[in-house]
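In the text below, chain A, chain B and the rest are named by the order of the sequence lines, each starting its count at 1. A quick note: this is a predicted structure, and the numbers were derived from the prediction, not measured.
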There are 2 protein chains.
Amino acid sequence: MNDLETRQLRYFVAVAEELHFGRAAERLDMAQPPLSRAIRELERQLGVALLRRTTRRVTLTPAGEVLLRDARTALDAVSSAGRRAQHAGEPTPRLRLALKPDVDGGLLPRILDAYAGEDAALPVDLVLGRVGEQAQAVRDGRADTALLLSPFDDRGLDSEHLITEPFLLALAAADPLAARPSLRLADLAGLSLPDGSPADRGPGIGRHGRTGPRGDMATASTAQGTSDLPEIFQLVELGSVVCFFPASLTRRYPRPEIAYRPVDDLEPAALAVAWPQGSRSAAVAAFVRTATAVAAATRPRSRETPRTATA
Amino acid sequence: MNDLETRQLRYFVAVAEELHFGRAAERLDMAQPPLSRAIRELERQLGVALLRRTTRRVTLTPAGEVLLRDARTALDAVSSAGRRAQHAGEPTPRLRLALKPDVDGGLLPRILDAYAGEDAALPVDLVLGRVGEQAQAVRDGRADTALLLSPFDDRGLDSEHLITEPFLLALAAADPLAARPSLRLADLAGLSLPDGSPADRGPGIGRHGRTGPRGDMATASTAQGTSDLPEIFQLVELGSVVCFFPASLTRRYPRPEIAYRPVDDLEPAALAVAWPQGSRSAAVAAFVRTATAVAAATRPRSRETPRTATA
DNA sequence: TGCGGTTGATACCCTGCGGGTATGAATGAT
DNA sequence: ATCATTCATACCCGCAGGGTATCAACCGCA
């Protein structure tokens, strides 16, 4: 009896996200009536109401909310299976490493160097993406491993901590705040933070959600949606915005017109390496081993608990 | 282009497991030709050869092995989504706890008592299964949480350690070995261990595989495949077999004809509580909290690192 | 080396499911 | 009360997916 098809899940996710059969059908490139039928059939199969519909409003039932969440991960798993098989079939195997450019704690060159010397090493392809997309890239099979900032959505992933470094606030050197050696979050009230910046940590710092934090300041009036680093620097220089960057990144972009200042009560950036849970790939294991070794060698001599890998 | 259906994955898994189109078709309750076509179409979609077939032998390509593994987890995720939605739709929500009967470190009554007092508590349904099935039950949505022995296949699961207790060897009191206060694994050479026993840790102790360990002694001549506790006790009393049990279980079944002896070089049983990765259920969170609290209260006063929950 | 059995592939057919169009019916705003 | 919006129903159709018959290749065996 119970045997869902991914098509049914895709349909449901579309409707559940749009909360509108017509728009969902459009998004799925099909007509509305068959979509309605398919959802109804899905509910019949499961024996559960997923949506409450009036002609004016569609809402999720509790079961629908559960299914929305689980269907997304299931669809990820399915496309991941396909993509990983495709990748495994390529004649020259490669290791696909996802990261946000420059968000590597300054370790990437050393990691790649050391990794190249490993027995199980493969040529490395970098899969660049915006912040928060790395975990998803690993989850759905577009990358084999990733460097990313904690916390992140770790469903389906195993991960290992690499290094912790402070976030620094980038602001115009001419800004009065730049005169102070360090700042506190409260000092930033009313300042604009660009959306989608390399290390977007807005005032929503209290949230530790699994999805990437997203500045929800209503006052941010410009540079929304950009993640172009030169553009951000330009705006910072002009004093239009301020922005947080991991310390290692700021060392790569010293600019006289930009001051980088620590923020005392902002929790630091934790860089981690992540890979698909239960990965059996020797190349991935070697990369993780290399990355943790390089990070350990880099860390200031603090004999911390190494927390051995789970895989 | 790339959009796999669960049907395709089910077909592929059947063929990959049987390595025989005819038997796979029979298992899928269909004829062989459409199955062959479906697999061929799957390979065409992915652009990858999954199987090497001659008329006499079918083997997996590397890509096929990758897909077999990932397809299984994807199919788990899909049926899990359906089952969890079904469960969420039931009028009276309940917490389904998977465990192997008696494999609870003696904590279950206290955990259930304490849990009942929690705000977010729900009535608890016990989902009983054989050893090794608990993780799978959580993974595919038949249970919300589980008590199980580490190591286990933790793909898709988060878990928290509860207690560690020794495994004891159950053997006939009349056995000469029973005269000794403790044993070593080497002493057990040649003894029979029942397959599928509550804590099946045969000579394959070196293996830490993710799938349940499985005694592969060729010498075991009886009681293969049983997991009926009285039957095992009977055989142990007769001296036909010996068997490992967690210490807490042996305290529930004191029998004059059976001696329980520690085995010095056998690693202990680690009981853990596991739940679906990323679970957002307050009921599950409360249960995990309760279980860890009860376990901590039970543990002999060792101020260990509590390792706070990830969920 | 040639014969036969086993087993996957091919050819062809057909049914039913998934999708489309037209239209009805209910809801909520004005 | 009316009307626009939007989901459901009715009905139709094409083709994807499954079945049957058969071929062809591989391997074991004498």
Side-chain angles (χ1 to χ4, degrees), chain A residues 1-61 63-65 67-68 71 75 78 82, chain B residues 1-61 63-65 67-68 71 75 78 82:
Chain A
M1 57 153 224
N2 183 10
D3 243 356
L4 302 184
E5 284 299 327
T6 60
R7 181 175 43 78
Q8 300 179 282
L9 296 181
R10 282 195 301 273
Y11 287 6
F12 174 75
V13 168
V15 175
E17 284 179 354
E18 300 284 347
L19 291 177
H20 190 290
F21 281 77
R23 282 195 297 275
E26 189 178 8
R27 189 171 120 185
L28 293 167
D29 201 33
M30 67 186 291
Q32 168 260 320
L35 178 58
S36 288
R37 261 194 330 188
I39 299 293
R40 195 162 278 294
E41 168 63 16
L42 175 61
E43 290 177 309
R44 198 200 56 74
Q45 267 187 42
L46 294 177
V48 164
L50 300 169
L51 299 165
R52 278 217 151 282
R53 49 270 243 190
T54 75
T55 57
R56 305 301 280 183
R57 187 189 322 279
V58 176
T59 56
L60 287 168
T61 65
E65 289 182 34
L67 185 61
L68 175 57
L75 290 175
V78 170
Chain B
M1 55 152 227
N2 183 11
D3 244 357
L4 302 184
E5 284 298 327
T6 61
R7 181 177 42 79
Q8 300 178 283
L9 297 182
R10 283 193 302 272
Y11 288 5
F12 174 75
V13 168
V15 175
E17 284 178 354
E18 301 283 348
L19 291 176
H20 190 289
F21 281 77
R23 282 195 298 274
E26 189 178 9
R27 189 171 120 185
L28 293 166
D29 201 32
M30 66 186 292
Q32 168 260 320
L35 178 58
S36 288
R37 263 194 328 188
I39 299 293
R40 195 162 276 294
E41 168 63 16
L42 175 61
E43 289 177 310
R44 197 201 56 75
Q45 267 187 40
L46 294 177
V48 165
L50 301 170
L51 299 165
R52 280 220 149 280
R53 48 271 241 191
T54 75
T55 57
R56 306 301 280 183
R57 187 189 320 279
V58 175
T59 56
L60 286 168
T61 64
E65 289 182 34
L67 185 60
L68 175 57
L75 290 175
V78 170

*Ion pair B:R10/A:E5, N-O distance below 4.0 Å*: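 A salt bridge is present here (some side-chain N lies under 4.0 Å from a carboxylate O).
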_Assess whether a salt bridge exists between B:R23 and B:E26, defined as any Lys/Arg side-chain N lying under 4.0 Å from an Asp/Glu carboxylate O._
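Looking at B:E26 together with B:R23, the answer is no, because their closest N to O distance does not fall below 4.0 Å.
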Please round to the nearest 0.5 Å and tell me the distance separating atom [atom1] of [X] and atom [atom2] of [Y].
| X | Y | atom1 | atom2 | result |
| --- | --- | --- | --- | --- |
| B:L60 | B:L50 | CG | CG | 8.5 Å |
| B:E17 | B:L68 | CD | CG | 6.0 Å |
| A:L28 | A:F21 | CG | CZ | 11.5 Å |
| A:L67 | A:L9 | CG | CG | 6.5 Å |
| A:Q8 | A:Q45 | CD | CD | 4.5 Å |

Nearest-Å distance, [atom1] ([X]) to [atom2] ([N])?
| X | N | atom1 | atom2 | result |
| --- | --- | --- | --- | --- |
| A:Y11 | C:dC17 | OH | C1' | 11 Å |
| B:E41 | D:dC15 | CD | P | 16 Å |
| B:R10 | D:dG17 | CZ | C1' | 13 Å |
| B:I39 | C:dT10 | CD1 | C1' | 17 Å |
| B:E5 | D:dG18 | CD | P | 12 Å |
| A:Q8 | C:dC17 | CD | P | 13 Å |
| B:L42 | C:dA9 | CG | C1' | 17 Å |
| B:D3 | D:dA16 | CG | P | 16 Å |

*Over 12 non-hydrogen atoms of neighbours within 6.0 angstrom of CZ in A:R27*: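 Correct, the count exceeds 12.
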*Mind listing the closest non-hydrogen atom pair of B:A63 and B:V48 along with its distance?*
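Here B:A63 and B:V48 meet closest at CB-CG1, 3.2 Å.
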*Find the bend of the helix from C:dT1-D:dA30 to C:dT30-D:dA1 as the angle between its two terminal axes (five pairs each), to the nearest 10°.*
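The end axes of the helix from C:dT1-D:dA30 to C:dT30-D:dA1 are about 30° apart, to the nearest 10°.
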*Determine, for nucleotides 7-13 of chain D in 5'-to-3' order, which nucleotides have protein heavy atoms under 4.0 Å from the base (write B), from only the sugar-phosphate (write S), or from neither (write -).*
BBB-B--
